[in-house]
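Here the structure comes first, spelled out in structure tokens, and everything after it is commentary.
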Amino acid sequence: MTAGKNEAGEGASLDWRDEFQDSALEALYRRTMQLQDAQQLRYALWIIAGIFLLFGAADYILLGASLQLLALLLIRLVVALSCLALARLIGRQPAQAHRPRPLNLVYFIAISGLLLSILLHPGSVGLHISSVAVSSLAIYLLVPNRLPWILAWNGYLAGGFILVAALWKPLSPGMLVSSILILSFANLMGWLTYSRLNRLQRKQFALLVAEREVNRKLQKEIEERQLLEAQLRHMASTDPLTGIANRRHFFELAEREFRRAQREGTPLAIFMVDIDLFKTLNDHHGHATGDLVLTTVASCCASMLRETDIIGRYGGEEFVIALPQADLETATFIAERLRHKVTSLRLPMLDEGQHLSVTVGISQVEPNEARLELALQRADDALYAGKARGRNCVVVAGEAPSSIVARA
Ligand SMILES: Nc1nc2c(ncn2[C@@H]2O[C@H](COP(=O)(O)OP(=O)(O)OP(=O)(O)O)[C@@H](O)[C@H]2O)c(=O)[nH]1
């Protein structure tokens, strides 16, 4: 099961031991609480050892130096040392706090020590009943996550006390009933308190687990939405065939560069690039080959540009490029290089001796020009002048037709 299932509430319900019915959730709870439980148990063991030893002083006052005192001190020492040894073991290996064997051994020693001390002790029955009742409560309150064992230890303590009391000084029927009632009441109080604390703690834990699961799901949903958003943004801005920016996205990016160029007074060159006689190629080789040529020319153009240059598909077999910081001379040089590169492309599906070529129209954004479209229009006019002149050339806008720069 996953911890998330518990948010439904079903797995978070508790059994008679006040443990989660869902064993995986219970295991997770124990793992989470292990260090805290270990610490709590260590404190409990130190307290038990200390109190047991402190009562040695009361024994001395009651018994004076005697063999009985020696036996009692010996019992107290054994109990205290075994408690301290277990506390040390748990300090080194916190997982021992949840293992029954060392705990049961030490608690058996401690409870047996308490019962034996009653046999050797001259105090009144009332004193012993109260010490057994307090010990009973201590077992409920100081031992974490072990209700069946807690009940067993308390059974041993209460039953042992009745037996020891019978051996030590047979109780009158009235005292016997009173003792049983007091011990039963102490156990009832202890159990109820234990149950209340455990239920509260586990309920809080189940809520925390459910909350974490909700957060995890939310986080996953956010990540999926972010991914989807990024995919949608990419789809909305990219030409699906060539993978370069579509016309709309090109304008977004180029407008930004246009404003920067106008603001800072830096040059911005525009290319219009058109594949020559593309219709013939399409008609001759088919649309699929035409698509492949478009993709190849687009990536060829993109590979010739700097990162700051912007390339987009203007429409059909026409591409548009914006080159920030490029004056006309630089732009013409780059356009020539691009034209040469396309001419040198060799595509296996084209006939022997058949070369691709492009015509490039170039313009430059004029200072104080109001709109980018004006520069685009000039580049387009230059492109059509190049087409009219026979294609496969670079034409600079506004210059005489003799400014056709080169031909392959
Ligand atoms: N395969 C393919 N063809 C396209 C696509 N978009 C436009 N075309 C074709 O591109 C061709 C453009 O032809 P024209 O505008 O006549 O130009 P051209 O044949 O290149 O001639 P010039 O530009 O004068 O050199 C048309 O046949 C369109 O159908 C496309 O996405 N894929």
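Heavy-atom basis, side chains included; hydrogens, waters and symmetry copies ignored. As the structure lists them, so they are numbered: ligands from 1, and atoms in each ligand from 1.
Ion pair Glu318/Arg247 not flagged as a salt bridge, since none of the NZ, NE, NH1 or NH2 atoms sits closer than 4.0 Å to an Asp/Glu carboxylate oxygen. Salt bridge present: Asp59 and Arg76 bring a charged side-chain N and a carboxylate O closer than 4.0 Å. Using a cut-off of 4.0 Å between Lys/Arg side-chain N and Asp/Glu carboxylate O, Asp18 and Arg202 are scored as not salt-bridged. At a threshold of 4.0 Å, the pair Glu26-Arg30 counts as salt-bridged, since one of the basic side-chain nitrogens sits closer than that to a carboxylate oxygen. Comment: Glu257 engages Arg260 in a salt bridge, judged by a side-chain N to carboxylate O separation of less than 4.0 angstrom. Using a cut-off of 4.0 Å between Lys/Arg side-chain N and Asp/Glu carboxylate O, Arg233 and Glu229 are scored as salt-bridged.
Within ligand 1, the atoms closer than 4.0 Å to a non-hydrogen atom of Ile275 are 20 (O), 23 (O), 25 (O), numbered from 1 in the order shown. Under a 4.0 Å criterion applied to the non-hydrogen atoms of Asp291, ligand 1 contributes the atoms 1 (N), 2 (C), 30 (C), 31 (O), 32 (N). Within ligand 1, counting atoms from 1 as listed, the ones closer than 4.0 Å to a heavy atom of Glu317 are 12 (C), 13 (O), 14 (P), 15 (O), 17 (O), 18 (P), 20 (O), 23 (O). Residue Gly290 has at least one heavy-atom neighbour below 4.0 Å for each of these atoms of ligand 1: 1 (N). The Lys387 neighbourhood of ligand 1 comprises atoms 22 (P), 23 (O), 24 (O), 25 (O), with distances under 4.0 Å to a heavy atom of that residue.
Under the 3.5 Å distance criterion, with hydrogens and angles disregarded, a donor-acceptor pair is assigned to the side chains of Thr242 and Asp239. No side-chain donor-acceptor contact under 3.5 Å links Arg31 and Gln34. Using modelled atom types and a 3.5 Å distance limit, the side chains of Asp327 and Thr330 yield a donor-acceptor pair.
Nearest protein heavy-atom contact of atom 7 (C) of ligand 1 is Gly316 CA, 3.5 Å. Taking atom 11 (C) of ligand 1 as the reference point, the nearest protein heavy-atom neighbour is Phe278 CD2, 3.7 Å. From the protein, the heavy atom lying nearest to atom 16 (O) of ligand 1 is Lys279 CD, 3.8 Å. Counting protein heavy atoms only, atom 25 (O) of ligand 1 is closest to Leu277 N, 2.7 Å. Here the protein heavy atom with the shortest distance to atom 24 (O) of ligand 1 is Arg391 NH2, 3.1 Å.
Contact annotation for Asn282 and ligand 1: only side-chain heavy atoms (C-beta onward) come within less than 4.0 Å of the ligand. The residue Leu281 has no part lying near ligand 1, judged by heavy-atom distances below 4.0 Å.
Distances from ligand 1 to the non-hydrogen atoms of Arg313 include at least one value under 4.0 Å.
No N or O atom of Leu241 sits closer than 3.5 Å to an N or O atom of ligand 1. Looking at His287 next to ligand 1, an N or O pair under 3.5 Å apart turns up. Any N or O atom pair closer than 3.5 Å counts here, and Thr280 shares no such pair with ligand 1.
Classification of the Tyr107-Trp153 ring pair by plane angle, with boundaries at 30° and 60°, yields parallel.
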